[in-house]
Amino acid sequence: MARPNEEVEALLREYADLIAITGGDAFKQRAYERAARAIGGHPGDVSRLGTKELRDISGVGKSIADKVEEYLRTGHVAALEETRREIPGGVRELMSIPTLGPKKALALYRDLGIASVDELVSAVHEDRLGGLKGFGPKSRENILHGVELMRQAHGRILLGTAVGIAEDVVAGLREATGLKRCAYAGSVRRMRETIGDIDVLAAAPEEEAERIMAAFTGLPQAAEVVMSGRKKTSIRNARGLQLDLRVLPPDSWGAGMLYFTGSQAHNIRVREIAVRKGLKLSEYGLFEAKGGRKLAARTEEEVYRRLGLPWIAPALREDRGEVAAALNGELPELVTERDLRGDLHTHTDLTDGLASAAEMVAEAAARGYAYFAITDHAPELYMQQMTREKILAQREELRRLAERQGRRPRLLHGTELNIGPEGEVDWPGDFLAGFDLCVASVHSHFGLDRKAQTRRLIRACENPYVNIIGHPTTRKIGQRAPIDVDLEAVFAACARTGTAMEINAHPNRLDLKDEHILLARRQGVKFAIDSDAHTVGELGHTRYGVGTAQRGWLTKEDVINAWPLGRLRRFLRAPGRPGR
DNA sequence: GCCGTTTTCGGCCCGACTGTTTTCAGTCG
């Protein structure tokens with residue numbers, strides 16, 4: 001499903017870059033970037049849309065719709081091909097080096113014929129950049145350093161890792177400076193699945209800025225100082241991750257958090273509203289365009305309110321229609337971590353977990369869960385050596401634990417079944433009927449074609465004993481691609497059979513991801529936010545699952561483990577399923 | 001190139017830092 005959207009997005013982004021390099025209209029470039037973002041984030045498959053529906057996507061007009069259709073029909077776009085002949089791909093690649101943008105990339109190509117990162121590195125070493133305007137000794141150094149970074153670090157880090165670093169840096173800064181208002185913003189606050197850099201905000205009067213910047217560059221995480229000023233300082237940690245600190249007057253805290261939380265596209269939307277009202281919004285506050293009187297800045301709520309909007313949760317700020325929804329009073333009341341009443345997918349040392357059932361249950365109780373499911377692996381995952389006897393013994397163990405435990409959490413005995421290539425699962429129905437719930441997941445045959453993957457997942461949904469499809473696309477971020485499957489067809493089957501889709505909260509999975517959730521939700525699918533914990537500590541991963549669910553606009557109504565136990569049990573025994 | 005309860009033409013977000021340009025362009029977020 002996502003593939004055509006991603007392809008079209010990449011295509012439009014490339015065209016936007018080429019417009020920038022060739023010195024084309026900056027507004028035209030932005031129009032292509034905006035359309036690229038809109039199509040990349042569009043929940044449905046764009047290759048299935050007609051001209052009219054395509055143009056209904058905000059930012060897509062006649063010209064871009066024509067190009068998208070041309071691409072989907074023929075596999076290429078004539079206008080893009082033509083520009084590509086003018087500018088070799090390697091020139092665009094130069095822009096991925098920090099400090100090099102379209103103008104400098106073009107200068108390098110036009111004046112020196114440099115059309116790849118390697119050629120650029122050689123040119124610097126051979127000192128051929130000497131005469132080029134805008135390339136002094138410092139920029140040459142920056143280029144070599146940037147290429148080095150690109151080659152070693154390459155790319156983004158997982159949300160879970162980034163949250164840890166961001167929390168450490170905020171705590172370190174607070175301790176070193178006594179700052180009260182200090183927080184991370186940016187994509188970490190929005191809970192994006194991967195993070196490119198970390199933005200930290202501090203509120204302090206002007207005269208304290210220098211002291212705070214010094215504390216920042218003095219943190220143990222600061223392996224390198226990238227730039228330092230009185231208002232903004234950037235460091236890199238030992239692994240090449242950039243952290244930016246902005247210091248703002250305390251009066252500007254809300255406007256600053258709003259601005260630095262982004263996304264950029266969300267900010268543009270909000271500013272457009274400001275402009276239409278004759279106002280100006282910056283990180284310092286909301287001002288009258290004429291006269292410059294400050295109208296709001298102290299809190300995010302205040303700034304939004306003055307623009308006629310309710311507060312918009314960070315996870316929604318991706319320009320996916322949240323501003324329009326806010327204007328119409330149609331923002332969803334998002335599910336929160338506190339809404340979760342239990343976890344429905346966890347493991348113990350009976351299979352590949354590290355903690356005993358008793359330890360897992362104790363932690364679930366400490367988390368305040370009303371119910372808690374243990375779902376160890378089933379026999380088809382051969383390495384786990386599961387048998388009927390072992391899992392029945394576990395059921396007995398849980399019964400004893402429940403007696404000791406009292407009413408909370410109520411223990412549910414489940415299993416994580418393996419979905420075979422034909423959609424079959426490990427045990428027959430009469431044995432499955434003994435479980436409180438069954439999660440079913442793909443653990444093998446990742447390479448089947450789209451038709452076969454789709455068929456096996458739909459069959460799993462149709463199994464009356466399967467309640468939840470675990471990590472539905474089986475992707476591991478940065479490690480394993482998702483299986484090729486028609487998710488829309490699977491979602492339809494889920495909605496029809498009353499099978500929930502899992503939002504696996506492990507930071508290296510986050511599966512389903514936000515865009516899939518948006519799509520599934522519209523088909524009436526229900527979700528389970530599960531930790532898939534294999535250790536006691538991993539039970540805390542649910543926060544990332546909740547963040548992902550929020551990015552998919554889910555309310556507690558959509559999430560079965562935010563429901564009271566009675567309602568959850570009715571869902572697990574829904575009509576069409578044999579009673580048990 | 002897109003878009004419209006101010007507009008079908010004339011707008012399109014805004015500010016900080018760096019490097020080298022002696023007054024500001026380019027890049028970044």
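Model, not experiment: these values are computed from the prediction. By convention in this document, chain letters (A, B, ...) are assigned in the order of the sequence lines, proteins followed by strands, and residues within each chain are numbered from 1.
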Exercise. Using a cut-off of 4.0 Å on non-hydrogen atoms, how would the nucleic acid contact of A:Lys133 be classed: base, sugar-phosphate, or nothing?
Worked result: nothing
For this session: Scan A:Arg246 against the nucleic acid and name what it touches under 4.0 Å (heavy atoms): base, sugar-phosphate only, or nothing.
Result: sugar-phosphate
Exercise. Which way is the base of B:dT6 turned, syn or anti, if we draw the line at 90° from 0?
Worked result: anti
For this session: For A:Lys277, answer base if it contacts any base atom (sugar-phosphate contacts may also be present), sugar-phosphate if it contacts only those atoms, and nothing otherwise; contact means non-hydrogen atoms under 4.0 Å.
Result: nothing
Exercise. Which is true for A:Glu272 with a 4.0 Å heavy-atom rule: it touches a base, it touches only sugar-phosphate, or it touches nothing?
Worked result: sugar-phosphate
Exercise. How is A:Ser228 classified with respect to the nucleic acid when contacts are heavy atoms under 4.0 Å: base, sugar-phosphate, or nothing?
Worked result: sugar-phosphate
Exercise. Is A:Leu12 touching bases, backbone alone, or none of the nucleic acid, heavy atoms closer than 4.0 Å?
Worked result: nothing
Exercise. Considering only side-chain heavy atoms of A:Asp197, which listed nucleotide, B:dC14, B:dG29, B:dC12, is closest?
Worked result: B:dG29
Exercise. Out of B:dC17, B:dC13, B:dG1, which nucleotide sits closest to the side chain of A:Val275?
Worked result: B:dC13
For this session: Assign A:Tyr259 to base, sugar-phosphate, or nothing according to its heavy-atom contacts below 4.0 angstrom with the strands shown.
Result: base
Problem set entry | Check: B:dG1 base within 3.5 Å donor-acceptor of A:Tyr15 side chain | no
For this session: Quick one: label A:Val270 by what it contacts on the DNA or RNA (base, sugar-phosphate, nothing), any heavy atom closer than 4.0 Å.
Result: nothing
Exercise. If each of A:Lys232 and A:Leu281 is mapped to the nucleotide of DNA chain B with the nearest heavy atom, which maps nearer the 5' terminus, i.e. the 5' end?
Worked result: A:Leu281
Seminar exercise, completed: The nucleotide from B:dC2, B:dT27, B:dT20 with an atom nearest the side chain of A:Ser139 is B:dT20
Problem set entry | B:dC28 - base-pair partner by Watson-Crick or wobble geometry, distances under 3.5 Å | B:dG15
Exercise. Quick one: do the A:Tyr15 and A:Lys28 side chains pair a donor with an acceptor below 3.5 Å?
Worked result: no
Exercise. What does A:Asp25 touch in the nucleic acid at a heavy-atom separation under 4.0 angstrom: a base, only the sugar-phosphate, or nothing?
Worked result: base
Exercise. Looking only at atom P, what distance separates B:dT20 and B:dA16, rounded to whole Å?
Worked result: 22 Å
For this session: For A:Arg230, report the nucleic acid contact type (base, sugar-phosphate, nothing); a contact means any heavy atom under 4.0 Å.
Result: sugar-phosphate
Problem set entry | Whole-angstrom distance between B:dT8 and B:dG4, as gauged at atom C1' | 8 Å
Exercise. Considering residues, nucleotides and ligands other than A:Glu82, do more than 12 of their heavy atoms fall under 6.0 Å from its CD?
Worked result: no
